[in-house]
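Data first, discussion second: the structure below is written as structure tokens.
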Amino acid sequence: MSEYRTGIGWDVHRLVAGRPLILGGVRIPSEAGLDGHSDADVLAHAITDALLGAAALGDIGQHFPDTDPRWAGAGSLLFLKHVRDLAASAGFALVNVDSTVILERPKLNDYRAAIRDSLAEALALDSSRVSVKFKTAEKLGPVGEGRSAEAQAVVTVKAILGTG
Ligand code: C5P
Ligand code: MG
């Protein structure tokens, strides 16, 4: 019988003027972008943590410390690819990803297909196994006031026979 495991991930970044808004590796036209040491791709970071969680391999900060100059300005799809390889080495194959980005504006619906394809390519997964959902925070709290964005993710992996 196959063994399945699930991991959860969450992330938040400040939304500031003068930074690009990158979600799932896709640059989204926006007046403000996410601030951080890397490209601050809040969605890629949440999925990275969910995948690490499913494989019980720690968290994103352990693998990619924000004090490490190697990751300054890094494209976060690099993190995803690295963690996918780590999970594979530990005996886990990805089954599916579900995720939610919570951002007041801009509207992201038009970018859903591009984001799914970008994440699917980084994870070497079919796009049909990558779900990306969008929500506002109904003008409530820091996300609702346009000062930050959050992302949540759940990842399921399957233990490859004889490992995990
Ligand atoms: O937050 P709310 O429930 O009002 O969002 C309604 C819909 O708007 C979402 O289901 C999603 O399709 C879309 N949305 C979006 N971009 C956002 C937030 C929400 O496209 N930044
Ligand atoms: Mg982050």
Side-chain angles (χ1 to χ4, degrees), residues 6-87 94 96-123 127-155:
T6 299
I8 186 172
W10 172 86
D11 197 21
V12 60
H13 280 269
R14 287 175 196 276
L15 201 55
V16 298
R19 288 268 302 182
L21 177 61
I22 296 169
L23 293 172
V26 175
R27 185 163 180 167
I28 315 282
S30 171
E31 287 167 12
L34 297 173
D35 199 17
H37 183 67
S38 66
D39 64 357
D41 185 335
V42 69
L43 175 58
H45 294 179
I47 296 172
T48 299
D49 253 356
L51 179 48
L52 285 170
L57 287 171
D59 65 33
I60 191 169
Q62 266 186 300
H63 293 274
F64 311 100
D66 62 10
T67 48
D68 189 332
R70 271 187 308 166
W71 311 120
S76 296
L77 293 186
L78 209 81
F79 301 166
L80 267 186
K81 288 178 188 167
H82 182 74
V83 163
R84 175 205 67 198
D85 290 345
L86 282 180
L94 254 163
N96 78 301
V97 176
D98 186 20
S99 63
T100 304
V101 176
I102 308 124
L103 176 73
E104 207 64 18
R105 74 186 80 81
K107 284 286 177 201
L108 298 168
N109 265 330
D110 289 350
Y111 303 95
R112 191 188 318 268
I115 293 172
R116 290 179 71 195
D117 287 349
S118 166
L119 290 168
E121 194 189 336
L123 291 166
S127 296
S128 65
R129 293 175 182 266
V130 179
S131 158
V132 182
K133 308 187 302 301
F134 308 119
K135 292 297 285 181
T136 68
E138 297 287 350
K139 299 190 167 65
L140 295 165
V143 176
E145 291 162 9
R147 294 191 282 121
S148 59
E150 297 185 11
Q152 304 171 340
V154 172
V155 165

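Numbering of ligands and ligand atoms starts at 1, following listing order. For reference, positions follow the sequence shown, starting with 1.
- Using a 4.0 Å cut-off to heavy atoms of E138, the atoms of ligand 1 that qualify are 4 (O).
- Around the Mg ion (ligand 2), the angle linking D11 (OD2) with H13 (NE2) is 100°, rounded to 10 degrees.
- Judged purely by atom type and a 3.5 angstrom limit, Q62 uses its side chain to pair as donor or acceptor with the backbone of D59.
- When heavy-atom distances to ligand 1 are checked against a 4.0 Å cut-off, A137 has no atom that comes that close, whether in backbone or side chain.
- With respect to atom 10 (O) of ligand 1, the closest heavy atom belonging to the protein is F134 O, 3.5 Å.
- Of the protein's heavy atoms, K107 NZ, 3.5 Å lies nearest to atom 8 (O) of ligand 1.
- Protein heavy atoms are absent from the 4.0 Å sphere centred on atom 6 (C) of ligand 1.
- With a 6.0 Å radius and a threshold of 12 heavy atoms from other residues, nucleotides or ligands, R112 has its CZ atom above the threshold.
- The distance between the ring centers of F79 and H45 falls below 6.0 angstrom.
- What sits closest to atom 3 (O) of ligand 1 on the protein, heavy atoms only, is K135 NZ, 2.6 Å.
- Using cut-offs of 30° and 60° for the angle between ring planes, the H82 and F64 rings count as perpendicular.
- Shortest contact from atom 16 (N) of ligand 1 to any protein heavy atom: L108 N, 2.9 Å.
- In H45, the N, O or S atom that comes nearest to the Mg ion (ligand 2) is ND1.
- Looking only at protein heavy atoms, the nearest one to atom 2 (P) of ligand 1 is T136 OG1, 3.7 Å.
- Residue, atom and distance of the protein heavy atom nearest to atom 13 (C) of ligand 1 are N109 ND2, 3.5 Å.
- The neighbour count for R19 CZ, taken as heavy atoms of other residues, nucleotides or ligands under 6.0 Å away, is above 12.
- The closest donor-acceptor contact from the side chain of T136 to the backbone of L103 lies at 3.5 Å or more, if one exists at all.
- The line from CD1 of I22 to CZ of R27 is 6.5 Å long, rounded to the nearest 0.5 Å.
- Atom CD of E145 has more than 12 neighbouring heavy atoms from other residues, nucleotides or ligands inside a 6.0 Å radius.
- Of all atoms in ligand 1, numbered sequentially from 1 with element shown, those under 4.0 Å from a heavy atom of L103 are 17 (C), 18 (C), 21 (N).
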